[in-house]
Structure formats: structure tokens, C-alpha cells
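In what follows, a structure is listed as C-alpha cells, so that the remarks can point back to it.
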Amino acid sequence: MKVSVVIPVYNEARILPAAAAELTADLGETGWDYELLFAENGSTDGTTEILESLAHGDPRIRALHEGEPNYGRALRHGILEARGDLVICDEIDLCDGAFHRAAIEILLSGKADMVVGSKAAAGAHDERPAVRRAGTLVLNGLLRAALGYRGTDTHGLKAFSRERLLPVARACRVERDLFASEFVVRAYRMGVNVVEIPVSIREKRKPSVHLFRRVPNVLKNLARLFWVIRVKGG
Ligand SMILES: Nc1nc2c(ncn2[C@@H]2O[C@H](COP(=O)(O)OP(=O)(O)O)[C@@H](O)[C@H]2O)c(=O)[nH]1
Ligand SMILES: [Mg+2]
């Protein structure tokens with residue numbers, strides 16, 4: 001059994017070396033046969049060079065690069081390139097080893113094909129600023145209203161069977177921030193057995209892109225998904 005850990009990264013030069021070292025040390029302790037896949041695009045702060053040198057120095061690390069900054073596109077690219085039987089999606093400011101272990105245990109037990117780490121489920125601890133926590137609730141409310149989503153969170157930590165979720169990743173239509181939501185919403189709609197587990201969120205740094213700058217694109221893609229999924233049934 002091989003595990004792929006996929007992490008989108010963009011302009012993270014400040015925290016990347018330490019976070020990567022901590023993460024590889026922690027993954028080493030799990031005893032898993034793992035690969036660590038960084039999906040970078042558009043960085044201008046030296047992140048690309050750091051990733052190249054990490055990948056050079058450790059055969060378990062791979063770095064993917066593309067031109068324009070695009071979170072969803074990077075995440076999807078990483079998922080499609082992953083070679084593990086099981087895939088974990090994490091973020092460089094989180095690197096949540098407790099989630100990795102809990103999620104892999106659930107997947108191996110056969111209880112689910114996808115585990116979503118929820119920042120809003122009962123038992124979660126979300127130490128992000130109030131405006132970000134509100135953002136999570138608002139986005140989730142919109143996903144419920146527009147797409148009939150039933151869960152409590154879609155953005156962030158996830159783990160899944162690669163074989164089972166590849167068709168879902170391929171079916172997704174939107175990129176940027178809303179891809180992560182489309183991926184989870186489509187997983188439910190395509191009959192994947194999804195479970196949510198509460199997570200504890202403490203970011204290693206402040207979020208890089210201001211929340212309000214993301215809103216127009218999220219709303220545009222939400223309207224697009226409403227059209228594609230709810231109106232056309234695709
Ligand atoms: N490749 C790529 N990664 C990104 C982009 N924006 C954010 N990320 C990465 O996605 C993860 C979460 O980003 P963050 O700024 O903390 O946003 P949050 O989801 O609001 O917490 C981090 O690993 C970032 O480096 C992007 O445009 N491209
Ligand atoms: Mg973050």
C-alpha cells in the first residue's frame with residue numbers, strides 16, 4: 001500500500017523548508033511507503049527553487065510546476081499525478097499528521113472511500129480568525145442551497161482511494177478555489193462513500209490571499225456549477 005500526500009503550494013518560501021522537514025519526519029514515523037507531491041503554480045518568491053532542491057534531495061518528493069497561480073488546478077494536477085493507492089490532500093500551513101493517520105485508518109478499514117476533514121463538524125477546533133470561520137460557514141451554506149450539499153465543509157483536508165476518486169477528479173469543471181468543493185460535492189453525487197471527521201486547525205501563518213478577493217470568482221464558479229449540475233444534471 002502506497003500513500004501519496006498532495007500539497008498545493010504558492011509563494012510559501014518563508015514556511016516551506018521547515019514545514020517540509022517536519023512533514024517528512026512525521027511521515028517517516030508512520031512507516032508508510034509514501035510519496036510527497038507538491039503542486040506549485042505561479043510562485044515568484046523562490047518557492048519553485050526550494051521545491052526543486054527538496055525533490056533533488058529526496059526520491060520520495062516530487063514537485064509539479066505550472067505557470068499561473070491557481071489553487072484548484074494545482075490540486076487537481078497533483079491528484080491526477082499521484083501514484084499512491086491512497087491519496088491525502090493537505091495544505092502547507094496545516095500539515096496535520098493526526099488527520100493523516102486517522103483518515104488512512106478509516107480508508108484501510110473499508111468504512112469509507114473518502115474522508116473529509118471538517119473544520120465545522122461537532123468536535124472540530126478552528127483557531128482561524130472569525131472572518132475566515134464565517135467564510136467557511138457562508139460557503140457551505142451556499143453549497144447546500146445551490147448544489148444540495150449535505151456535509152459541513154469541503155475545503156482543506158481530505159483523503160481517499162485514488163482509483164475510486166479519479167473519475168470524480170476528471171469530471172470536475174471548475175478550477176481555483178471552488179475545485180475543492182466541486183470535488184467533494186461530486187464525490188457524494190457519484191455515490192462515493194464519504195465520511196467527515198472533525199479536525200483541529202491551527203495555521204502556521206496567516207492566509208496568503210485576502211478572503212474578499214476570492215469572493216467574485218467563487219460566486220462565478222458557484223453559478224457555473226449550479227448550471228452544470230442542477231440545471232443540466234451533469
Ligand atoms: N499551487 C497553488 N497553491 C496555492 C494557491 N493558493 C494557495 N495555495 C496553497 O494552498 C494551501 C492553502 O492556502 P491558504 O492561503 O492557507 O488558504 P486557506 O485555504 O484559506 O487556508 C497552501 O498550501 C497554499 O500554499 C495557488 O494559487 N496555487
Ligand atoms: Mg490556510
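None of these values were measured; they are calculated from a predicted model. Remember, it's 1-based here, ligands and their atoms both numbered in the order they're listed.
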Of all the atoms in ligand 1, which lie at a distance below 4.0 Å from a heavy atom belonging to [X]?
X: H155; result: 19 (O)
X: P69; result: 27 (O)
X: V9; result: 1 (N), 2 (C), 3 (N), 25 (O)
X: E203; result: 16 (O), 21 (O)
X: N70; result: 26 (C), 27 (O), 28 (N)
X: R132; result: 18 (P), 20 (O)
X: E12; result: 22 (C), 24 (C), 25 (O)

Measure from the ring center of Y149 to the ring center of Y188 and say whether it is less than 6.0 Å. yes

Using distance alone, determine whether [X] and ligand 1 share an N or O pair under 3.5 Å.
X: A39; result: yes
X: I7; result: no
X: P8; result: yes

Starting from [atom], find the nearest protein heavy-atom neighbour and note its residue, name and distance.
atom: atom 5 (C) of ligand 1; value: Y10 CB, 3.4 Å
atom: atom 15 (O) of ligand 1; value: S208 OG, 2.7 Å
atom: atom 8 (N) of ligand 1; value: Y71 CD1, 3.8 Å
atom: atom 12 (C) of ligand 1; value: E91 OE1, 3.1 Å
atom: atom 2 (C) of ligand 1; value: N41 OD1, 3.2 Å
atom: atom 16 (O) of ligand 1; value: D93 OD2, 2.9 Å

Looking at [Y] and [X], is any side-chain nitrogen of the basic one under 4.0 Å from a carboxylate oxygen of the acidic one?
X: R101; Y: D26; value: yes
X: K204; Y: E22; value: yes
X: D126; Y: K119; value: no

Nearest 0.5 Å, what's the [atom1]-[atom2] distance between [X] and [Y]?
X: S118; Y: I201; atom1: OG; atom2: CD1; result: 9.0 Å
X: L27; Y: D33; atom1: CG; atom2: CG; result: 11.5 Å
X: L178; Y: L142; atom1: CG; atom2: CG; result: 9.5 Å

Using only atom types and a distance under 3.5 Å, with no angle test, would you say the side chain of S4 pairs donor to acceptor with the backbone of A82? no

Got a donor-acceptor contact below 3.5 angstrom from the E35 side chain to the R83 backbone? yes

Quick one: sort the H210 and F212 rings into parallel, tilted or perpendicular, breaks at 30° and 60°. tilted

Whether F183 and F160 hold their rings parallel, tilted or perpendicular, with breakpoints at 30° and 60°: perpendicular

If we only count heavy atoms from C-beta on, is the Y71 to R176 side-chain gap below 4.5 Å? no

R214 near ligand 1 by a heavy-atom separation under 4.0 Å: yes

When you draw lines from the Mg ion (ligand 2) to OD2 of D93 and to OE2 of E203, what angle lies between them, to the nearest 10°? 90°

For ligand 1, note which part of R205 has a heavy atom under 4.0 Å away: side chain, backbone, both or neither. side chain

Taking N, O or S atoms only and a limit of 2.8 Å, check whether E91 reaches the Mg ion (ligand 2). no

